[in-house]
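As structure tokens, the structure follows; a few thoughts come after it.
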Amino acid sequence: MPERIFIFDTTLRDGEQSPGASMNIEEKIRVARQLAKLGVDIIEAGFPISSEGEFEAVKAIAEEVKGPVICALARANREDIDRAWKAISKAERPRIHTFIATSDIHLKYKLRISREEVLERLVEAVSYAKRYTDDVEFSPEDATRTDLDFLCKVVETAIEAGATTVNIPDTVGYSVPEEFGRIIRTLKERVPNIEKAIISVHCHNDLGLAVANSIAAIKNGARQVECTINGIGERAGNAALEEIVMILKVRKDLCPYYTGINTQEIYPTSRLVSAITGLPVQPNKAIVGANAFAHESGIHQDGVLKEKLTYEIMTPESVGIPTSHIVLGKHSGRHALKERLRALGYELTPEELNVVFERFKKVADQKKVVYDEDLIALVEEEIFRVPDKYRLLNLSVHSGTVSIPTATVQMEVDGKVVMEAGFGIGPVDAVYKTITKITGFKGMLLDYTVASITGGTDAQGEVRVRIQEDGITAIGQGADTDILVASAKAFVNALNKLEYLKKRKLRGI
Ligand code: KIV
Ligand code: ZN
């Protein structure tokens, strides 16, 4: 009989720890709703003690998102646990996830406490969390570099104190499948009360083994996996949800397990997370990359045309990748637009549809065909992007072989209209210098990339930028048929995200 694997999604917590990624409260709620639609079992909504904004986001998700267990992270101390509980107490099914490091490296250099003190602190934390809820998860941070005998003792003690899930993190992505599988098997065999808890795993991808390690752990007794959409997360990221789920689905012969994931929601979720965090999905990324189902070589194309099974181990439809690409043009009406948006997962109010339709008409006047990708960029920008502090109103640029590149920018700053002009070495430089003048940005532009959303010279350009100020990095994106407008939008989006990140700057955590 296949066994159930519980999917614990930490996109909103560990995923948000990706350098530059940030989501505001509305964006987090949207992602959480989509995760519920995807069918994840547990949503780790955040780390409430880390900032006021984080607390509010976790609270809102706990109150509004129904279906999955809503989990909040807390270090092993009362203040963190109180804050976590306050944020999730209204959830249908709340969970507190508390953690403390257990490896000698962390004990000696970070916590400066003994193994005995770790055991005392974890008992205190788990039993304190237990006063609030029955559903308590405990993680020994840096478990894979923890002495295995001590790890067994830690896990036994946590379960004795009331933990119902024990999560084994490969915090620094150091382990390899054989070793990680052995650690999980040892816990299964040697911890006397292990049957009273679910074994979970949480793998980082520093050596590119997060998914392989998670699968090895499942085969050795883990029944919960912690993962993120597109594999985003601290440093090299976490195990990618979509890869784990599809491995279990496609290789049932070797992996007799199943999940509650609605796999057709994988691609829409991937797109949403990428659009909101500003973290692009690499084209060759398994399952959700732009090339994941593209057959380039003639031999492969010939094979697929004769029989898909020759080179396809799963269908794009099974992970929710739309197969029809050409959709709308300038003669398309409001109804056609509404239907197409619905198929892409956007249920808009009549007012929102009006706004999108106006912009759609402008794009359709400039381009012969408006593709799904154009529509997604358009809806994200018009409806879901919170303008926050800065808003671009108008832009005009002069450049060419003889003239000095000059930009005139009109913006709204905290609701007040401001206008400036400036020069630059090139037109983008002129635009960015002028926006910098208006906003007083003192940081650096780390990256600037422009790519066309679809093919053709009439394609919309999508610009992504990474900026940094006072050690805080923010990513912004913007799309338009005019790449200078797209560049300005991306910069303004990054500046808004920077403002947000400054406000929620982690309190030394
Ligand atoms: O990687 C890690 O160890 C973590 C813990 C908080 C579970 O994210
Ligand atoms: Zn982690």
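Just follow the structure's listing: the first ligand is 1, and inside any ligand the first atom is 1. What's counted below: heavy atoms across the whole structure, side chains too, no hydrogens, waters or symmetry copies. None of these values were measured; they are calculated from a predicted model.
Nearest protein heavy-atom contact of atom 5 (C) of ligand 1 is Arg13 NH2, 4.0 Å.
When the N, O or S atoms of Asp14 are ranked by distance to the Zn ion (ligand 2), OD2 comes first.
Side-chain N or O atoms of Asn220 include none that pairs as donor or acceptor with a backbone N or O of Arg182 at under 3.5 Å.
Ring pair Tyr432/Phe491 is parallel by interplanar angle, where below 30° counts as parallel and above 60° as perpendicular. Using the six-membered ring where Trp is involved, His202 and His204 have ring planes that are tilted, between 30° and 60° apart.
Around atom OH of Tyr174, no more than 12 heavy atoms belonging to other residues, nucleotides or ligands sit under 6.0 Å away.
At a 3.5 angstrom cut-off on N or O pairs, His204 counts as close to ligand 1. For Thr171, a nitrogen or oxygen atom sits less than 3.5 Å from a nitrogen or oxygen atom of ligand 1, counting backbone and side chain alike. Between Glu226 and ligand 1, no pair of N/O atoms sits closer than 3.5 Å.
In summary, the atoms of ligand 1 found under 4.0 Å from a heavy atom of Glu141, numbered by their order in the structure, are 3 (O). The Asp14 neighbourhood of ligand 1 comprises atoms 8 (O), with distances under 4.0 Å to a heavy atom of that residue.
Side-chain polar atoms of Ser89 and Tyr132 form no donor-acceptor pair below 3.5 angstrom.
Among His97, His106, His202, the residue whose heavy atom sits closest to atom 4 (C) of ligand 1 is His202.
One finds a salt bridge joining Glu124 and Arg78 here, because a Lys/Arg side-chain nitrogen approaches an Asp/Glu carboxylate oxygen to under 4.0 Å.
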